[in-house]
Every structure is written in structure tokens, then in C-alpha cells.
Amino acid sequence: MGKQSPRAVSIQKKRWGLMILAIFSLSTVMVFIMRTDSCTTSASSGTGSITDSFGEEKDASSQIYSAAQVGGATPNPLDFMKSKLVLLVSHELSLSGGPLLLMELAFLLRGVGSEVVWITNQKPAEPDDVVYSLEHKMLDRGVQVLAARGQKAIDTALKADLVILNTAVAGKWLDAVLKEKVPIVLPKVLWWIHEMRGHYFKVEYVKHLPFVAGAMIDSHTTAEYWKNRTRERLGIKMPETYVVHLGNSKELTEVAEDGVAKRILREHVRESLGVRNEDLIFAVINSVSRGKGQDLFLRSFHESLQKIKEKKLQVPSMHAVIVGSDMNAQTKYETELRNFVLENNIQNHVQFVNKTLTVAPYLASIDVLVQNSQARGECFGRITIEAMAFQLPVLGTAAGGTMEIVVNGTTGLLHPVGKEGVTPLANNIVKLATHVERRLTMGKKGYERVKERFLEHHMSHRIAVVLKEVLLKAKSHSNS
């Protein structure tokens, strides 16, 4: 094939220029480079078998099931949901992982002709731009949005073929709204759980959990944690539980596989950050909070700069970018982060970017993703597979769902959680900074792993298996 004409290239660049404008108009991003004179903000009991996401049996004594093996190229696996009424109940509507994932499921169901109704249990008292924007995005895609309380919400729950509660906290909606009708609805409830923190294990949240049709959880680690913690702390049994690994959206995959798009996005974001094309960027893309480990990442990054200087290693200029800043939500913690940067004189190497709905531009612009979630880690960590789709190596904590995604030494490198992980992460940063070929090879291996098991159609197949079983249970209960 011959080369494109200069005019064709120009048209293509203009097209992607318009796409960039669209992407950034959708996001809430504001970028400010941190300098020495300022620290402004910038830019989720019974018997059975436990299986992994592709059908491999793990443990014959637990009640956790796989979403089954993924088939080949077939019609949309969710086609059976056509004309079904599905009520989605989210504890909040925000830019965090849980609500956005439920929205994505809403759009998948709308795509096959389901009637989808959305309820947000807790909304801000004052008008909120994020809530307004996300609600209108759903309305534009044909998702009905109802108030959390009122007769219409009750009627919809009673009439629905399927009710999906999103996160443990959403359980509060059942008693608050349905009251004496809760037992009627429970047999058709699928509870989608994403939490890994101990404070979610409260009776008022999950007392109805044993009586729902099923629980859907994003990783085996989280499923086992919930099974053990509910039994030991609350004395209740988990319902039949399905592990469903997530997949990347088609939209993100298209951008990740378009070389022109990635190049232009990379140039645009790096220019806005004041970073040269040849510089190295290590980024954490998560809501800024102590549980996500941005403080420990900055300590590791600082230590890596010291090691490189002491050993006189030849590497490009290195930068740490933290995407997910929200100074209003985490004022004390974010102030600590900025103070650390200033005290250690690394402000020319660190940038903060506001929380944003659109991560593709940043994934296109960085060189390594750092998934530094602490304690029990991420329930799954969607950003990890999104980064791998962009052929990025991942430096992650050896905890939670990250261990079910990252193949240590092949698609990335793992380090311990807590302070014990600071130096190992610093060493891993140096390794990838000094070994270009290793960095690129890990990125390619990660991309291959995503293509094998973490695409949208893989997730649709896995979710379809669960929804079919839950619908059968609901129908069986109704008939009895």
C-alpha cells in the first residue's frame, strides 16, 4: 500500500483534532504544572464449585461460581435480555468506578433492547454538575432515571424482571423504600459488589444479602474475602456468588488500537503537561485517597530519582503524574502530597490532574501505569486492563484483583503493599526506566492478555451467563 498523501494526512489529523476537543470537553480536566511558587490542583454456605473466569475449577467446597467460558464470534450474548425490564440501583452517581461500571452495563442492555431504569439512592443536597451530566448522558441513551423514593420506584421494583443493586451500600435502599415489599423483590435481585474495605460489612447494608438470587463480584480475591468476612463478622452466608472479570469498552479499545489517535493524544496531553515526547511518565490514575496509595507512590518515585542520580544512570527526564485529583474531597491528604513534593524539591517532576471521566488521553500519553492501591488492593482495577490495552506495563501492588490481571515479570512487576513496598516499587521504576526493551515487551504482552480475556465481548459473555441464571431463579420462585 502506498503512503497517504499529505492532504489525506492533514484531513486525518484534523479529524483527530476534533476528537481531542470532544474528549476534553466531556472531561472535567484542568491541568496545572506544579512549580516552586504554587501547589494548585490539576487536571472506584452451601456447596458448589469455585472457578476462574474461564471455567477452571478451584475449590469444590465454596459457593462461588464462574461466569463460564467465553465463546467465539457469536451474536450478542445479551440478546435474550431484549424487552426485559431491568432496574439498576446505585448508591451514588459519581465519576468513581462502581457507578460508571453500572452505567456501562445500562448501555449494553439498552443496546439489545432492554428497558432500563436507573435509581440513585444518595444524591448531593445541592445541584451537582457531575450528577447532571451523567444523568443526561443516560437519558440520551434511553435509560430512564427515577427518584430513589416514591411509588414509581416501588412499582418499578415490583414489575422488573431483574433488579441489580450496585455496591454493598446500595442495600440501604431496600428497607428505606420497599419496606414490607422487600421479600417480594429479593428473589430477583442480583447484587453487584465492588468493595474491599472492612467498613462496608455492616448489617444495615447487607442483612438481605443471603436471600437475593445471587452476588456478582469482580475478582476471586474479593469473592473469597466477602465469603469469609460475612460469615466470621456478621454470621451470615453469602448467596450463590459469581466471579465476573471486567472488560474494556469498545470505545476505549478503538482508541487504543488507532496509532494516529494515540500519537495525537500523546502530543496534546504532553504539551499541556509541559513534558517532552522523549521524557518518561509514570502515572497513577485513580481517585486521590490514602487507600489508592498516591503518597507511597510519590515516596517511591522520589527514591527512584535518588537511585538514578547516585548510580549515574542514563535515563530520560522522568515525571510522576497523578490523575484523579479532587482537592475539595481530599483536602488534607492532597495537601500532604503537595507538601511532600515541595519539601523534596521534585515539583518539576510531578504533575496533578483533576478527576476526569475520560482516561484515554492520559493512557495514550504515559509510559507506565502504577496501580498502587493499598491494604487488600483493588476489587478488580479496571484502569489496569485499560492501560494494558494501550500496551503499557503495569507496576502494581501484590494484592486484590491486580494479581488476577498482571502476570508478574511478564506484563508488569508487583510489589508489596504498605511502607514495605516503597523501595521495591522504586527499584521497579528504575528497572523500567533503564530497560526500554523490557518496558515495551511487557506492554505488548499485556496487550495480548487483554485481547485474550479482557474485552467488552468477554465481559458480556460472562455477565450473560449470570443474568440467565438469575432470571431462571426469579421465574422459578415466582412460579412456586
Side-chain angles (χ1 to χ4, degrees), residues 44 84-106 109 114-126 128 130-132 134-135 138-139 143-197 199-218 222 226 230 234 236 238-242 379 463 466-467 470-471 473-474 477:
S44 159
K84 295 284 192 297
L85 173 58
V86 182
L87 174 61
L88 307 178
V89 181
S90 182
H91 73 291
E92 67 176 11
L93 187 52
S94 67
L95 295 178
S96 57
L100 294 181
L101 190 56
L102 190 65
M103 280 181 58
E104 192 169 321
L105 177 58
L109 293 173
S114 300
E115 183 181 355
V116 182
V117 180
W118 177 285
I119 284 176
T120 303
N121 189 40
Q122 295 175 310
K123 287 186 182 180
E126 300 296 324
D128 184 273
V130 171
V131 172
Y132 178 86
L134 295 179
E135 283 187 345
M138 287 192 282
L139 291 169
V143 177
Q144 302 171 53
V145 178
L146 292 184
R149 285 154 179 76
Q151 192 58 45
K152 196 165 185 181
I154 296 171
D155 292 343
T156 302
L158 294 173
K159 182 183 176 185
D161 297 291
L162 175 68
V163 177
I164 300 178
L165 296 182
N166 195 45
T167 76
V169 185
K172 294 191 294 184
W173 177 83
L174 292 169
D175 286 321
V177 177
L178 299 182
K179 296 182 172 64
E180 72 279 359
K181 293 183 172 61
V182 168
I184 303 173
V185 176
L186 289 180
K188 56 184 177 181
V189 169
L190 173 64
W191 210 320
W192 200 358
I193 295 172
H194 313 285
E195 296 95 336
M196 279 283 276
R197 303 289 180 261
H199 61 270
Y200 292 107
F201 291 88
K202 295 181 179 179
V203 173
E204 61 263 36
Y205 294 167
V206 298
K207 65 181 179 181
H208 297 299
L209 189 54
F211 311 108
V212 301
M216 186 163 70
I217 299 181
D218 306 332
T222 309
W226 271 85
T230 50
L234 302 178
I236 65 175
M238 286 288 288
E240 196 163 300
T241 301
Y242 306 90
C379 177
I463 290 177
V466 177
L467 299 189
V470 171
L471 287 174
K473 287 181 185 178
H477 188 276

Asks: Looking at CG of L467 and CG of D161, how far apart are the two atoms once the value is rounded to the nearest 0.5 Å?
Replies: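 Here the rounded value is 11.5 Å.
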Asks: I want to check something: taking the side chain as every heavy atom from C-beta on, are W173 and I119 in contact at a cut-off of under 4.5 Å?
Replies: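 Side chain of W173 against side chain of I119, heavy atoms only: contact under 4.5 Å found.
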Asks: Side chains of P99 and E92: closer than 4.5 Å at any heavy-atom pair?
Replies: yes
Asks: With a 4.5 Å cut-off on side-chain heavy atoms, are V145 and L139 touching?
Replies: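 Touching, per the 4.5 Å side-chain cut-off.
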Asks: Which residues satisfy the salt bridge (charged side-chain N to carboxylate O under 4.0 Å, His left out) test with K123, sequence neighbours excluded?
Replies: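 K123: salt bridge (charged side-chain N to carboxylate O under 4.0 Å, His left out) contacts with E135.
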Asks: N121 vs R149, test: side chain to side chain contact (heavy atoms under 4.5 Å, CB included). Steps then yes/no.
Replies: CA-CA 8 Å; N121 189 40; R149 285 154 179 76; 3.3 Å; yes
Asks: Would you say L165 and L174 make side-chain contact, with heavy atoms under 4.5 Å?
Replies: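 Sidechains of L174 and L165: in contact.
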Asks: Evaluate side chain to side chain contact (heavy atoms under 4.5 Å, CB included) for I154 paired with K181, printing each intermediate quantity in order.
Replies: CA-CA 8 Å; I154 296 171; K181 293 183 172 61; 3.8 Å; yes
Asks: Is it the case that the side chain of T222 and the backbone of C379 share a donor-acceptor pair, with hydrogens and angles ignored and the cut-off at 3.5 Å?
Replies: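 Yes, T222 side chain to C379 backbone: donor-acceptor pair under 3.5 Å.
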Asks: Among L471, V116, L162, which residue satisfies the side chain to side chain contact (heavy atoms under 4.5 Å, CB included) criterion with K84?
Replies: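 Among L471, V116, L162, the one that satisfies the side chain to side chain contact (heavy atoms under 4.5 Å, CB included) with K84 is L471.
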Asks: On a heavy-atom basis, which atom in Y205 and which in W191 lie closest, and how many Å separate them?
Replies: O-CH2, 3.3 Å
Asks: Does W118 reach the main-chain N or O of L146 with its side chain, forming a donor-acceptor pair under 3.5 Å?
Replies: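 It does not hold such a pair.
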Asks: Can you tell me which residue pairs pass the salt bridge (Lys or Arg N to Asp or Glu O under 4.0 Å) test with a partner in residues 166-178, sequence neighbours excluded?
Replies: D175-K207
Asks: Which pair of heavy atoms, one from A153 and one from V177, lies closest together, and at what distance?
Replies: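 Looking at all heavy atoms of both residues, the closest pair is CB-CG1, 4.4 Å.
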Asks: Any side-chain heavy-atom pair from I193 and W226 closer than 4.5 angstrom?
Replies: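 Side-chain contact under 4.5 Å: yes.
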Asks: Are the side chains of I236 and V206 in contact, using a 4.5 Å heavy-atom criterion?
Replies: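 Yes, at least one pair of side-chain atoms sits under 4.5 Å.
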Asks: Quick one: salt bridge (charged side-chain N to carboxylate O under 4.0 Å, His left out) partners of E104, sequence neighbours excluded?
Replies: R382
Asks: Could you tell me whether a side-chain N or O of S94 sits under 3.5 Å from a main-chain N or O of S96, the two making a donor and an acceptor?
Replies: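 Pair found, side chain donor or acceptor close to backbone of S96.
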Asks: If I take atom CG from residue L109 and atom CG from residue L85, how far apart are they, to the nearest 0.5 angstrom?
Replies: 11.0 Å
Asks: Going from NE2 on H194 to CG on D218, what distance comes out if it is rounded to the nearest 0.5 angstrom?
Replies: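 Between atom NE2 of H194 and atom CG of D218 there are 5.5 Å.
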Asks: Only one of V470, V185, V189 forms a side chain to side chain contact (heavy atoms under 4.5 Å, CB included) with V212, so which one is it?
Replies: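 Answer to the side chain to side chain contact (heavy atoms under 4.5 Å, CB included) test with V212 among V470, V185, V189: V189.
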Asks: Could you check if a side-chain atom of M138 sits within less than 4.5 angstrom of a side-chain atom of M103, using non-hydrogen atoms only?
Replies: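 Yes, at least one pair of side-chain atoms sits under 4.5 Å.
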Asks: Determine the minimum heavy-atom distance between P239 and G214, stating which atoms define it.
Replies: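 For P239 and G214, the tightest heavy-atom pair comes out as CG-C, 4.1 Å.
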Asks: Going from CG on L190 to CE on M216, what distance comes out if it is rounded to the nearest 0.5 angstrom?
Replies: 5.0 Å
Asks: Mind checking the OG1-CG spacing from T167 to L102? Nearest 0.5 Å is all I need.
Replies: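 Rounded to the nearest 0.5 Å, the OG1-CG separation comes to 9.0 Å.
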Asks: Check the pair Y242, I463 against side chain to side chain contact (heavy atoms under 4.5 Å, CB included), reporting the backbone distance first and the verdict last.
Replies: CA-CA 9 Å; Y242 306 90; I463 290 177; over 6 Å; no
Asks: Please report the shortest heavy-atom distance between A213 and E240, naming the atom on each side.
Replies: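 Shortest heavy-atom separation between A213 and E240 comes out as O-CB, 4.4 Å.
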Asks: If you take all heavy atoms of M238 and T241, which pair is closest and at what distance?
Replies: CE-OG1, 3.7 Å
Asks: Which distance, rounded to the nearest 0.5 Å, do you find between the CD1 of I164 and the OG of S90?
Replies: 11.5 Å
Asks: Work out which heavy atom in V169 is nearest to a heavy atom in H91; give both atom names and the distance.
Replies: CB-CB, 3.9 Å
Asks: If you define the side chain from C-beta out and look only at heavy atoms, does anything of V143 sit under 4.5 Å from V117?
Replies: no
